[in-house]
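Counting starts at 1 for both ligands and their atoms, following the listed order.
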Amino acid sequence: MCGIVGYVGPQDARDVVLEGLRRLEYRGYDSAGIAVVADGTLTAVKKAGKLANLEKVLAEQPLPAATIGIGHTRWATHGGPTDRNAHPHLSADGTVAVIHNGIIENFAALRAECEAAGVEFTSDTDSEVAAHLLAAAYEAGAEGQSRLADAMRVVCRRLEGAFTLVATSASEPDTLVAARRSSPLVVGVGDGEYFLGSDVAAFISHTREARELGQDQVVEIDRYRGLSVTDFAGNAVEPTSYTVDWDAEAAEKGGYDWFMLKEIAEQPQAIADTLLGRLGAHGELVLDEVRLSDEELRDVDKIFVVACGTAYHAGLIAKYAIEHWTRIPVEVEVASEFRYRDPVLDRSTLVIVISQSGETMDTLMALRHAKEQKARVLAICNANGSTIPRESDAVLYTHAGPEIAVASTKGFLTQLVACYLVGLFLAQVRGMKYEDEVAAIVADLRKLPDAVAEVLSGMDEVRALARELADANTILFLGRHVGFPVALEGALKLKELAYIHAEGFAAGELKHGPIAVVDKGTPVIVIVPSPRSRESVHGKVVSNIQEVRARGARTIVIAEEGDEDVVPYADHLIRVPRTPTLLAPVVTTVPLQVLACEIADTRGLDVDQPRNLAKSVTVE
Ligand code: F6R
């Protein structure tokens, strides 16, 4: 949420910052802005709307060439998406520029204090207060090196809430200063040049060498003296170095119209990469990154899976697999609710947090709550170097590569695979499954990349169907067992991309109320379990299809190859390869992703950047 870019070095900062903003626009697109320092003067330009609007303004009133600059793409929280609320925010004398991601919770009191001192605010944001406080602390600070960094530390000690701040000052034309608390910030280190970004996408075309900043830290980057990191009190801290394991090409569209289409197509590879290297010589699972001892894992008597949105749906599916394989009770909760209802947690509780970005504030806060209660926390995460894995006791990374489209696709499928691995690993460690049983399921997991590729190769009919459904007012999704969370995920994708009302239901619940909304022609998408699934749940879903059809629904049925029972009741039949029941969501989700993407495209919408949304939700 909000993209942040900073640069200092020999290149033209205007180009580097704008390129970084282009790569980070998926984090927020309510406004964009840039500031540079050239010849001792700070100049800023900002504009509401997408980055293209800013680029138009810059074409008419170009900034001066500079070797230092900062840039921001905004997802509005405080203050509407207008020019005046766009970042950077400047101090009253125009010498200090600040960009901010997060929410400064005590901004009202701080703003009143600044106003009492005579400062006139020019925006409605919480962020602007940081610019004025920084300028005041700078003025009050002692002359000498690190004056801007000292001022930043003074300001950070006064701020409450979550924030990443990046500042530049006309008086220190070779220095960038940044700070973070519960909000993302990474430093890129090139040859004689430095980058700041909310994530590595901001600078990946320039360097893969990165430094991770910890909680409550300030980094001062001097073009000639290099970088130094301290805590908010000024104590020196050694940042963690790492090398980004994907390249710039991974963050490009690669010939696809949308990032989402590319990311859907990458799913077979992403699943294969997530499975890679996790099987030992005897077929057993080896999860080295899970830094919990076998003894700790044997002690677990209850599991919570906590996540948001699509990642929460992955957690709902994980529950079926983990309970089935380990017999440990699993509860799944949306992170934004978890800590507020005082969940019962102790040392024997394992909390699995799932987050593609590793920065989702709701999930981070749930994680911290779980740790305070002494529970053990295992993160399933895609973004290396992000906050959630850093603060967790253990981590299992998905290897999906960068996910740029706001709607999660390959992130979701790889989260499912990681959840399966965690469930199997627990079963193995606790002696619930013999090695050959684990190996058999892993062999099934290894068939998933081909199964997903097969689904993808047959999507022409889904695309044609999407064009027919593009004007629908409402679309319902039904599923049972693991098909139920898939229905929820299908509905979420459609809502967020196509802005069509959609709801997912447990198919058996339909008759308890929701069936009343089914009308003549209402499209109802049904995810049918395998005929081999337990306790004839298949037969019950086939009955549910008949029930909605009898009320005039247009039935769109997703069923596995060879399931002939559904044929008489399907107005449209989408086939998926035969897959073991618990793993089936990996294949049945794919047509729903394609459908949502194509409907949105047909409606002329921006598939990668749906309205009101942002990738990586770093506010609560
Ligand atoms: C939906 C979507 C969101 C995210 C949710 C959690 O397509 O992308 O619902 O799944 O905001 O994000 P992460 O996984 O980054 O914690």
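- For atom 15 (O) of ligand 1, the closest heavy atom belonging to the protein is Ser357 OG, 2.6 Å.
- Centroid-to-centroid, the aromatic rings of His313 and Phe412 stay 6.0 Å apart or farther.
- For Glu560 and Thr579, the side-chain atoms include no donor-acceptor pair closer than 3.5 Å.
- Remark: ligand 1 and Val406 share an N or O pair separated by less than 3.5 Å (distance only, no angle test).
- Taking a cutoff of 4.0 Å between a charged side-chain nitrogen and a carboxylate oxygen, Arg23 and Asp199 do not qualify as a salt bridge.
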Would you be so kind as to tabulate the donor-acceptor pairs closer than 3.5 Å made by side chains of residues 452-463, with sequence neighbours excluded?
| from | atom 1 | to | atom 2 | distance (Å) |
| --- | --- | --- | --- | --- |
| Ser457 | OG | Glu454 | O | 2.7 |
| Asp460 | OD1 | Arg463 | NH1 | 3.0 |
| Arg463 | NE | Glu598 | OE2 | 3.3 |

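- Given atom 7 (O) of ligand 1, the protein heavy atom at minimum distance is Glu496 OE2, 2.5 Å.
- Nearest protein neighbour of atom 11 (O) of ligand 1, counting heavy atoms only, is Val617 CG2, 4.1 Å.
- Atom numbering of ligand 1 starts at 1 in the shown order; those under 4.0 Å from a heavy atom of Gly309 are 9 (O).
- Under 4.0 Å is where a charged nitrogen must lie from a carboxylate oxygen, and between Arg368 and Glu391 at least one such pair does.
- For the residue pair Thr240 / Arg390, no side-chain donor-acceptor distance below 3.5 Å is found, with atom types taken as modelled.
- Nearest protein heavy-atom contact of atom 14 (O) of ligand 1 is Gln356 N, 2.6 Å.
- Aromatic ring orientation, Phe107 versus His78: perpendicular (interplanar angle above 60°, classes split at 30° and 60°).
- Residue-ligand proximity, Ser355 to ligand 1, at heavy-atom distances under 4.0 Å covers atoms 13 (P), 14 (O), 15 (O), 16 (O).
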* Would Asn382 and Thr398 satisfy side chain to side chain donor-acceptor pair (under 3.5 Å), going step by step from the backbone distance to the final call? -> CA-CA 5 Å; Asn382 190 43; Thr398 54; 3.1 Å; yes

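- Heavy-atom proximity to Ala311, at under 4.0 Å, picks out these atoms of ligand 1: 10 (O), 14 (O).
- When hydrogens are left out, the protein atom nearest atom 2 (C) of ligand 1 is Thr310 OG1, 3.8 Å; that is the closest non-hydrogen contact.
- Ligand-side atoms of ligand 1 in range of Lys493: 1 (C), 7 (O), range being under 4.0 angstrom from any heavy atom.
- With ligand atoms numbered from 1 in the order given, ligand 1 contributes 7 (O) to contacts under 4.0 Å with heavy atoms of Ala407.
- Sorted by first and then second residue, the pairs that involve residues 328-338 and meet side-chain hydrogen bond (donor to acceptor under 3.5 Å, both in side chains), not counting sequence neighbours, are Glu333-Arg341.
- Here the heavy atom of the protein found nearest to atom 12 (O) of ligand 1 is Thr360 OG1, 3.5 Å.
- Shortest contact from atom 5 (C) of ligand 1 to any protein heavy atom: Cys308 O, 3.5 Å.
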